[in-house]
Each structure stands twice: as structure tokens, then as C-alpha cells.
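Working notes, beginning with the structure itself.
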Amino acid sequence: MDIREKLRILSAAAKYDVSCSSSGSNRCTPPGGLGDACSAGICHTWAADGRCVSLLKVLLSNACKYDCAYCANRRSNDIPRATFTPKELIDLTVEFYRRNYIEGLFLSSAVIKNPDYTMELLVKVAKELRTVHRFGGYIHLKAIPGASPRLLTEAGFYADRSSVNIEVPSDKSLQYLAPEKNFASIYAPMNFLAERKLEYGPTARLRGPSFLPAGQSTQMIVGASGESDYQILSLSSGFYNRQKLKRVYYSGYVPINADKRLPVLTTKPPLAREHRLYQADWLMRFYNFRYDEILDEAHPNLDLELDPKIGWALRHPEFFPVDIQHADYEAILRVPGIGVKSAQLIVSGRRFSKLRLEQLKKMGVVLKRAKYFIYHPDTPASLRRLYPEMVRPLLLPRSKSGQLDLFAGSPLALPA
Amino acid sequence: MSLSIQYDSSFEGFLSAVFEIYRQHLDVGEFRPDRGDGNLGDGTPGDIFMQPFRIETSEDAANRLHRAILNFASEEVYNLLHAALLSEEPGVEMKILAYLKKLFSGTDPNYGRNPASAEMLPLYKIAQSVRREAGGLLGLVRFAVGPDNVLYAEIEPRFNVLQLMETHFSKRFANEKWLIYDSRRDYGIYHDEFGVQVVNLPGYKSGSMDLKDAFTDLWKEFYDSIAIKERENPKLLRRCLPVRYWNHLPERSVRFAAT
């Protein structure tokens, strides 16, 4: 089998892994070597579905001994199998990198023979890239559950980021869909790497090489089993707080296998739900929202029509309108439609002059949604309170026909 | 009568012009950057009876103005003005001049720290789009390996961003020889073991650097095989990766289509 065919098989096999970020690491070009890591991350191209591609994301091998229901590479599927030699992978990485096609390598693998054997191959590739080829680009290595601590530690010194995928958001569903896996076996390498990262943390870095400078990430499949968004977000929140993960990815389930345990093959991937989950995830990471503020037992699922920030705002009318001139940065950050950059610009700009609506517009603050939630000197008296039931229909996306359907059955929401 | 000022289109040239404007108390109506392509200014035919007043670039004057901007504002503001000038937008010089005049007038001691002033906001926006393009292009430069093991790439950015990209590439490919050529503005930067220099290739034809080799084909193979059919989203793709860049991307260009 030539390298072209291997590349086709093994990159197609890895495409359902969402993570492709190259951020968080600040590696310098090694003396006489090639490449560095840019801490902001760089996208090199975008795939046909609009995903950013920054890493050469491939499997080392797709000859898996496991039989997970949701996976394209499971043992019981009749598909062509291939395995890269370390040299082929290294050549591809270095030559792609020189042409500025990629930011680095994302190497994952199916489990061949046993976890230790597989992990050893992954580490070997990373080690050779770093030591023989003096490669300074980004390397993301999968940690194989069940691999020995020695190999995981070694991987941590060569890789910028490592990840173990939780795959399914609850232990029960995981064991049901992937009989050879359970939460404990996935948490074990994750916790081990988190502890080592603490141990070799910033203070120790002065003495030796850095350990996973870009931290860890994980991924779960959404829509293959029956978990609610509330369960999913509480799980992610735990990852961010306890395991100190840098990212949690959500992958809307794309039906690949016919299996009676899974949704039928004609199911469309839940793209809207996935999008809302990412928005909620952003709220937790950059906007200081707690998962139990975004959702609660009474509202276990995200609203597919409105983003979770608006959802929270409409449930908390007492918090609004926010006074742009005097409110805290955190309060301004909670206004739907105002992002981190706009909030920072408002906070630093308002020290010098009063901010009126037209000035916000000039700053590039998007007022389409924000205008219902802010208070500024020109706000008419009638809008100094937020009426969620009045604002909600105004925020909903316009129907495609662009015309009001008077006979749709639902009464029009007229202002009282 | 207000003057028309001609300068050599570099940031130093612009700063020297501002310095002269202050020294000679000139009343300026417009700037005409001389980009060395015979086309002066923004393409509007100038008044043939009014010769533009040419101000030569002086390193000393530019340094003095740099220090003045640092004193009244900050290094960030200096860099932001530089980025705004690189937009080559007609009239951007007058906006920068208006900002500097207000800054140096000293009426408001906090003016240099105010990002939301009437003169700063438009410049901030222009600089933002210039920096966005420069940042985005870092990933979109595609090198081809030439016969002498030199890496060649051609770009056609909307703004004049090559200088903003120089540091990134000279760090990343510190031990390689490479050339990035802006075929729209007809100049490039070349890097080798002695450092970076600006080069001109007169008579260069667009597209002649887009060489193909086995790894280009492998890259296209990779790109095609990672597409997920169920999730295709052409609108999102065009928003993330504007079509104007496709020409020099092997994975999207028709020029590189399989032969």
C-alpha cells in the first residue's frame, strides 16, 4: 500500500475527532531546527464543513481491537485497514510543515494489540520528531487509556497537548455502547497527566523541559445516547475545574454504523444542538458563567432558537438593563451580544467620556441583541425595565418567508 | 490654499512628512503616497497646475516623531497607527494626522489612552482589519520547494501586510531560505542565513511560483479525505476562508486541480 492510500484511509478515519486547535503553547524554534508554536494558534485552511484545519490529523493505525458501537474503525466493520510506519509519518509532518500547510501533528491511533504497544508507537514518532529532526512545531498526542504511566509521562515531555476522549457523556451509556471501556479507565490517564502537569508545572519548568504546555482536552459525542444538555455541561464543568482541561469538544453524532443501540442511519447530525453547546461552553470559559446558571433541573436542555446567554438573560430580568456607564466589567460581559472585546473597549473607553448609543455603534459593538439589555443616557423611560415576554419574540430569528404569518395559531405578543 | 503632500508610502516617510508639517506650519489638504508604480495617490487625476509637495524620508525626523508618540501615548498606539497606514486606504493619512494633531495639542492629558475618541475609533477599526488579514495570512501562505531548496510563496493580500508577517516567518523558518512575494504590490521578503531583505522581481508573472510536487498532491489528498459530507457548509467555509485567497491554496484552487 502506498503512502497516498494510507493517508487517505487514516486521515478519513481520524476526521471525526473534532479537536484541531494549535493554541496554548509557546515553543521556540530549536537551534538548527524547524518550527515553533504560536500561542494563539493558527488556522491553515478550512475543511468543506467550515472546520478549521491546523494540524495534520491522522491515525497511526486503524486496525482496532475494540468494538465501540459509535466508531467507524470498530473491529466488526469491514473497512480497509492501514498502518503508518513512523518514518512515513515523520516525513509527512516535516514536509507539510515546511510548506506551511500545517501547524503540527495530531496523532491518534486505534488500539493495536494492547494499549502499551500502541502508546509506545505514538511516543516513538513524537520523540523522533523532537530529537532527531529538531521539530519545534505543535504535537498533539492521544493518550491511550490503559497505557503505562512511564509512557504517558514520556509523551507529556514531547507533546504540547494530550487528550483522552470521554466519548459518551455518561458511564452507563459508555459501557453500553463501548463494552471494553468505562469512565474509570478514561479518567485514569486524564488524572495522571493532570497531576504530572502540576508536578512539572511552571516552577519546575526552569529546570527541565515543559510538560504538556498546552494542557489536555477531551471530546464527547452528542446525540448518540439520551443525556440532557444539563448533564453534559455539568460533566464539562467538572473537567474544567478538576482536571483543569483546556478544552472540551462536542461532536454531534454522525451516524456511521448501523447498530440497534444507536440512532438510525438516516438521523441528521444535531448541528444546532452542538452549536448551542459550544456557546454554553464559551460562557463557562470566558464569561464566568457557572453550568448551573446556564441550565438547571427545570430547564435541562438548551433552547435551540436562542443562544444560552439570551436564555439566561430572559430568565433573569431583574439583572437588566445593565448600565453601560457604571456597571462592572462582569455585568457588561453578561449582556447578550456583547463579547469580551467589546466589553473591554467599553470599560476602558467610558473612563474618558460618556458612552452614548452612537458611540457604541462606532466602537463596533453589535447592538442588534444588546440594545434590549443595556441602559444608557438615551434610553427612553419605557425601556428601563426588561419584559422577557416582550423581548423574546423580537430576538427570535426571522422566519424564512420574511412575512408574518397571521394565521399560525399562536397569538401575537402585543405590548401591554 | 492647502497643500498636497507626497511621500514615499512608508511609515517612516509618513512620520517625516508629519514632522515637516509641524516644522513648517504647513496646511495639508491631502497626502499622495508614492508607491513607485507611477500611480500617485488614490487614482483620482490630480490638479495638473498644482505640483505635490514632496517630502523626503528622514530617519531622524521619524525617530523624533516616534519618541513624541511614545511620550504622549504609547507603543501600542504607535503600532496601531503603523498598521492603519498599511491599509493603503485613500485618506487614511489625513485621519492619522487628525489624530496626531489632537494628541500633540495637549488639551486632554488622557487623550493618548482613550481608545474610544472620535479620531481613534476609525483608525482602530482600520488597524483591526489590517491585523486580521495579516494574522489570517500567516496560515495561508503556501510554500513550494524550489530546485535550490528555497521555499517560494506568492500572496495577493488586500492590505500591505507583508511587513507584519516577517517576524513570524523568520522565527518559524529560521534555518530555511524562503521568499514570500506580494505580486499585487510587486515586492517580497527574502530570508536566508544573513537575515531578511526586501526584494523586487521586475517582470514577475503571477502564478509562476506555485510549483507542484508529490507533497502538494498528498496535501490535497488529505484535504479531500477529511471532509465530512453530512456536515458540509459552503457558507461557513466562504466566511472563514474568503474566495479571494483560494487562488494560491493548492487544496482549493482550480489551478492545482489533479492532472
Side-chain angles (χ1 to χ4, degrees), chain A residues 3-5 7-12 14-16 28-29 31-36 38 40 42-54 56-58 91-92 95-96 98-103 134 136-137 252 254-255 268-269 271 345-346 348-353 355 359 362-364, chain B residues 108 110-111 113-118 120-122 124-125 128 135-136 138-145 151 153 168-169 171-176 178 180 213-219 221-241 245 249-252:
Chain A
I3 187 161
R4 197 184 168 118
E5 205 176 337
L7 182 65
R8 187 161 43 82
I9 294 171
L10 292 169
S11 57
K15 70 184 172 187
Y16 295 103
C28 294
T29 310
L34 170 75
D36 59 1
C38 166
I42 295 176
C43 288
H44 282 256
T45 190
W46 280 263
D49 51 7
R51 252 177 324 150
C52 148
V53 179
S54 73
L56 169 64
K57 184 162 40 181
V58 287
D91 279 352
L92 274 177
E95 291 304 321
F96 276 11
R98 282 185 74 207
R99 287 158 177 77
N100 204 34
Y101 294 162
I102 52 167
E103 216 33 39
R134 300 189 188 181
V254 180
K268 287 248 165 63
L271 296 181
L345 202 56
I346 288 171
S348 54
R350 69 183 180 187
R351 282 185 294 175
F352 303 98
S353 66
L355 292 183
Q359 208 151 8
K362 271 190 207 154
M363 282 178 177
Chain B
D108 179 1
N110 285 324
Y111 187 75
R113 289 190 287 128
N114 182 0
S117 65
M120 193 51 178
L121 274 179
Y124 174 82
K125 271 198 184 160
Q128 211 177 18
L138 295 183
L140 297 180
V141 168
R142 292 284 180 269
F143 287 112
V145 180
L151 302 167
H168 171 82
F169 284 103
K171 274 190 199 157
R172 170 161 296 193
F173 299 110
N175 303 302
E176 304 269 345
W178 49 261
I180 305 175
D213 61 18
F215 284 99
T216 318
D217 285 335
L218 286 172
W219 170 243
E221 185 82 49
F222 172 74
Y223 182 81
D224 292 339
S225 85
I226 57 168
I228 300 177
K229 231 180 90 225
E230 293 88 336
R231 304 179 57 117
E232 255 176 36
N233 191 344
K235 214 171 121 194
L236 181 61
L237 172 67
R238 279 179 170 72
R239 197 166 74 213
C240 297
L241 187 63
Y245 296 123
L249 301 176
E251 69 271 22
R252 300 252 25 133

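By convention in this document, chain letters (A, B, ...) are assigned in the order of the sequence lines, proteins followed by strands, and residues within each chain are numbered from 1.
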* **From CG (Leu7(A)) to CG (Leu218(B)), nearest 0.5 Å** => 6.0 Å
* Which residues share a ring-ring contact (aromatic ring centres under 6.0 Å, His included) with Phe222(B), sequence neighbours left out -> Trp219(B)
* To do: Measure distances from Asp213(B) to the heavy atoms of chain A and classify the residue's part below 4.5 Å as side chain, backbone, both or neither.
  => side chain
* Non-hydrogen atoms of chain A under 4.5 Å away: do they reach the side chain of Leu121(B), the backbone, both or neither? -> side chain
* Contact class of Leu271(A) relative to chain B, heavy atoms under 4.5 angstrom -> side chain
* Give a yes or no on whether the backbone of Ala116(B) and the side-chain of Lys362(A) come within a donor-acceptor separation of less than 3.5 Å. => no
* Structure fact -> If one checks every heavy atom of Leu10(A) against chain B at 4.5 Å, the contacting part turns out to be neither
* Asked: Side chain, backbone, both or neither: which part of Cys28(A) has a non-hydrogen atom closer than 4.5 Å to chain B?
  -> neither
* Working to the nearest 0.5 Å, report the span between CZ of Phe173(B) and CG of Asn100(A). => 4.5 Å
* Name the option with the most non-hydrogen atom pairs under 4.5 Å to chain B; the candidates are Ile3(A), Leu56(A), Val58(A). => Leu56(A)
* Could you tell me which portion of Arg239(B) (side chain, backbone, both or neither) has an atom closer than 4.5 angstrom to a non-hydrogen atom of chain A? => neither
* Can you tell which part of Tyr111(B) gets under 4.5 Å to a heavy atom of chain A, answering side chain, backbone, both or neither? => neither
* Rounded to the nearest 0.5 Å, what separation is found between the CG atom of Leu34(A) and the CZ atom of Arg172(B)? -> 9.0 Å
* Asked: Checking Lys15(A) side chain against Ala227(B) main chain: does a donor-acceptor pair fall under 3.5 Å?
  -> yes
* Asked: Could you give the distance from CG (Leu140(B)) to OG1 (Thr45(A)), rounded to the nearest 0.5 Å?
  -> 7.0 Å
* Are the side chain of Thr29(A) and the backbone of Lys171(B) linked by a donor-acceptor contact shorter than 3.5 Å? -> yes
* **Portion of Ser117(B) that has a non-hydrogen atom of chain A nearer than 4.5 angstrom** => neither
* Check each atom of Glu232(B) against the heavy atoms of chain A and say whether the ones under 4.5 Å are side chain, backbone, both or neither. => both
* Asked: For Ala47(A) and Ile226(B), which heavy atoms make the closest approach, and how far apart are they?
  -> CB-CD1, 4.3 Å
* To do: Please determine, among Arg99(A), Arg351(A), Arg51(A), Arg8(A), the option with the most heavy-atom pairs under 4.5 Å with chain B.
  => Arg99(A)
* Asked: Any donor-acceptor pair under 3.5 Å linking the side chain of Asp49(A) with the backbone of Asn233(B)?
  -> no
* Structure fact -> Shortest non-hydrogen pair, Phe215(B) vs Phe96(A), comes out as O-CE1, 3.4 Å
* Asked: Just wondering, do Arg134(A) and Asn175(B) contact through their side chains at under 4.5 Å, heavy atoms?
  -> no
* Asked: Rounded to the nearest 0.5 Å, what separation is found between the OG atom of Ser225(B) and the CZ atom of Arg4(A)?
  -> 11.0 Å
* Asked: Checking heavy atoms, do the side chain of Arg98(A), its backbone, both or neither come under 4.5 Å from chain B?
  -> both
* Part of Phe169(B) lying under 4.5 Å from any heavy atom of chain A -> side chain
* Taking the side chain from Tyr223(B) and the backbone from Trp46(A), do they hold a donor-acceptor pair closer than 3.5 Å? -> yes
* **Most contacts with chain B, counted as non-hydrogen pairs under 4.5 angstrom, among Gly136(A), Gly33(A), Cys38(A)** => Gly33(A)
* **Proximity breakdown for Leu92(A) and chain B, heavy-atom pairs closer than 4.5 Å** => both
* Contact origin within Glu230(B) toward chain A - heavy atom pairs under 4.5 Å -> both
* When rounded to the nearest 0.5 angstrom, what distance separates NE2 in His44(A) from CZ in Arg142(B)? -> 7.5 Å
* When only pairs under 4.5 Å are counted, which of Gly50(A), Ala12(A), Cys43(A), Ala48(A) shares the most heavy-atom pairs with chain B? -> Ala48(A)
* **chain A interface, residue from Ile228(B), Val145(B), Leu151(B) that has the most non-hydrogen pairs under 4.5 Å** => Ile228(B)
* Listed by chain and number, what are the side chain to side chain contact (heavy atoms under 4.5 Å, CB included) partners of Ser353(A), not counting sequence neighbours? -> Gln359(A)
* Asked: What option among Glu251(B), Arg231(B), Lys229(B) has the most heavy-atom pairs under 4.5 Å with chain A?
  -> Arg231(B)
